[in-house]
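Computed from heavy atoms alone, side chains included, the values below leave out hydrogens, waters and symmetry copies.
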Amino acid sequence: MSAIFHAGISGYRGRMGRAVSQVLDAREDVVVAARFDWGETADISLCDVIIDFSTPDASLALAQGAAERGGPALVIGSTGFTPDQEAELMKAAEKIAIVKSGNFSLGVNILIGLVQHAAQRLDAQDWDIEITEAHHRRKVDSPSGTALMLGEAAAEGRFTDLSEIRSKPYDGVQGERESGKIGFSSIRAGGIIGEHTVLFASEDEVLTLSHSAIDRSLFAKGAVAAAAWVRTRRPGLYDMQDVLGFRQA
């Protein structure tokens with residue numbers, strides 16, 4: 001058995017927080033030392049690592065507080081950060097180890113690699129890229145963090161930045177689709193856990209790469225695996241590609 005470590009859960013009353021609680025409580029190598037939500041007081045010094053599924057504001061405040069005291073390590077699954085908030089997280093990661101990901105699924109992270117390779121090999125002038133994502137009606141940000149990760153992978157495959165080739169949302173009469181752009185569309189309905197599709201389309205054929213989440217526990221299990229990995233790492237901002245060993249940590 002692995003060495004016992006102490007974990008905290010930020011945002012524990014939310015859907016993902018509850019899922020993380022169930023996974024942690026079922027493990028014999030983890031002691032849950034703190035469970036708290038935004039605005040609640042918690043002694044983070046009791047934790048080796050905190051898993052956070054809350055809000056960008058709450059996640060940033062937690063990261064800054066942890067950085068000030070030199071720990072604990074963090075696993076952040078919140079999405080919808082502004083560029084300024086991303087920059088502040090980078091500053092915090094100079095002092096603590098942080099795994100930040102828009103999706104902790106193994107399947108999704110493999111999909112990201114496939115999308116990058118496909119985008120690199122399919123000429124941008126001939127192949128359009130459209131990314132569609134669907135989530136439950138309570139999700140407040142769009143496109144999802146995972147959809148943006150897929151877009152960034154596609155843009156990286158085309159050796160450019162997503163901000164330079166991201167298409168505006170389709171609405172009204174706006175003319176012919178511009179070649180080389182990456183489009184996004186979002187669905188919010190019912191209790192959909194998470195579905196992501198990347199469509200590569202030329203005049204002659206269509207390639208579709210997709211992933212569907214069947215049970216929310218898959219994200220919680222990935223987040224807990226990330227927590228076990230990051231708690232002993234040096235300060236830095238990591239993602240699931242690091243956790244899964246696709247890059248040297």
Side-chain angles (χ1 to χ4, degrees), residues 15-16 19-20 23 51 53 75-81 86 99-124 126-136 139 141-167 180-189 191-202 205-227 229-230 237-249:
R15 284 177 168 232
M16 278 306 305
V20 169
V23 173
I51 301 173
F53 284 92
V75 173
I76 297 177
S78 304
T79 60
F81 291 89
E86 295 279 7
V99 172
K100 178 177 174 293
S101 179
N103 194 302
F104 287 93
S105 157
L106 173 62
V108 162
N109 282 279
I110 292 175
L111 175 61
I112 288 169
L114 294 174
V115 167
Q116 180 178 343
H117 284 294
Q120 185 174 341
R121 288 160 175 78
L122 300 175
D123 189 275
D126 297 329
W127 291 81
D128 300 322
I129 300 178
E130 291 287 326
I131 299 172
T132 302
E133 54 94 357
H135 285 85
H136 54 85
K139 186 170 178 58
D141 59 308
S142 64
S144 68
T146 301
L148 292 173
M149 290 167 61
L150 292 165
E152 288 164 358
E156 187 173 344
R158 290 183 168 176
F159 304 103
T160 188
D161 189 88
L162 179 59
S163 63
E164 297 179 5
I165 58 174
R166 180 175 173 177
S167 177
K181 295 287 188 178
I182 296 176
F184 290 85
S185 58
S186 298
I187 297 169
R188 297 289 176 266
I192 299 171
I193 294 176
E195 298 180 359
H196 294 86
T197 298
V198 183
L199 182 145
F200 295 82
S202 73
E205 54 186 325
V206 173
L207 170 66
T208 302
L209 302 174
S210 65
H211 177 272
S212 295
I214 298 172
D215 191 308
R216 197 174 301 277
S217 66
L218 73 92
F219 304 116
K221 291 174 182 176
V224 171
W229 180 89
V230 77
L237 187 61
Y238 303 96
D239 62 22
M240 284 300 286
Q241 303 295 303
D242 299 301
V243 175
L244 294 172
F246 295 146
R247 284 197 294 266
Q248 286 290 333

Let me confirm one number: the CD1-CD1 distance from Ile51 to Ile76, rounded to the nearest 0.5 Å.
12.0 Å
My understanding is that only residues two or more places apart in sequence, or in another chain, count here; which of them pass salt bridge (charged side-chain N to carboxylate O under 4.0 Å, His left out) with Lys221?
none
Flag the pair Glu133 and Arg188 as a salt bridge only when some basic side-chain nitrogen lies within less than 4.0 angstrom of an acidic carboxylate oxygen.
yes
Please report the shortest heavy-atom distance between Thr197 and Ser210, naming the atom on each side.
OG1-CB, 3.5 Å
Sorted by chain and number, sequence neighbours left out, ring pair (Phe, Tyr, Trp, His ring centres under 6.0 Å) with Phe219 holds for none
Looking at Asp239, is its backbone amide N or carbonyl O close enough to the side chain of Asp242 to form a donor-acceptor pair, meaning the two atoms are under 3.5 Å apart?
yes
Can you check whether Lys139 reaches Ile192 side chain to side chain, under 4.5 Å on heavy atoms?
no
For Ser202, check side chain to side chain contact (heavy atoms under 4.5 Å, CB included) against everything at least two apart and list the hits.
Trp127, Asp204, Glu205
Look up atom CD1 in Ile182 and atom CD in Glu164, then write down how far apart they are to the nearest 0.5 Å.
11.0 Å
Can you name the residues that form a side chain to side chain contact (heavy atoms under 4.5 Å, CB included) with Asp126, not counting sequence neighbours?
Asp123
Ignoring hydrogens, what is the shortest heavy-atom contact between Phe53 and Gly77? Give both atom names and the distance.
CE2-CA, 3.5 Å
Side chains of Val243 and Val230, heavy atoms from C-beta outward: is any pair under 4.5 Å?
no
Which pair of non-hydrogen atoms, one from Phe200 and one from Val115, has the smallest distance, and what is that distance?
CZ-O, 3.9 Å
List, one per line, each side-chain donor-acceptor pair under 3.5 Å for residues 144-155, sequence neighbours excluded.
| unit_1 | atom_1 | unit_2 | atom_2 | d |
| --- | --- | --- | --- | --- |
| Ser144 | OG | Ala147 | N | 3.0 |
| Ser144 | OG | His196 | NE2 | 2.9 |
| Thr146 | OG1 | Gly102 | O | 3.0 |
| Thr146 | OG1 | Asn103 | ND2 | 3.0 |

Between atom CZ of Arg158 and atom CD of Gln116, what is the distance when rounded to the nearest 0.5 Å?
12.5 Å
Would you sort out whether Thr132 and Leu199 count as a side-chain contact (heavy atoms from CB on, under 4.5 Å), showing the intermediate values?
CA-CA 8 Å; Thr132 302; Leu199 182 145; over 6 Å; no
Among residues at least two apart in sequence or on other chains, which ones pass side chain to side chain contact (heavy atoms under 4.5 Å, CB included) with His117?
Arg121
The test is side-chain contact (heavy atoms from CB on, under 4.5 Å); show your working for Val108 and Met240 and say whether it passes.
CA-CA 10 Å; Val108 162; Met240 284 300 286; over 6 Å; no
Atom CD1 in Ile112, atom CG in Leu209: separation rounded to 0.5 Å?
12.0 Å
Closest non-hydrogen atom pair between Ile214 and Leu218, with its separation:
N-CD2, 4.1 Å
Looking at Arg166 and Pro143, what are the two nearest heavy atoms and their distance?
NH2-CD, 3.2 Å
Here the pair of heavy atoms bringing Phe104 nearest to Ala226 is CE2-CB, 4.1 Å
Interatomic distance, Asp141 atom CG to His135 atom NE2 [nearest 0.5 angstrom]
8.5 Å
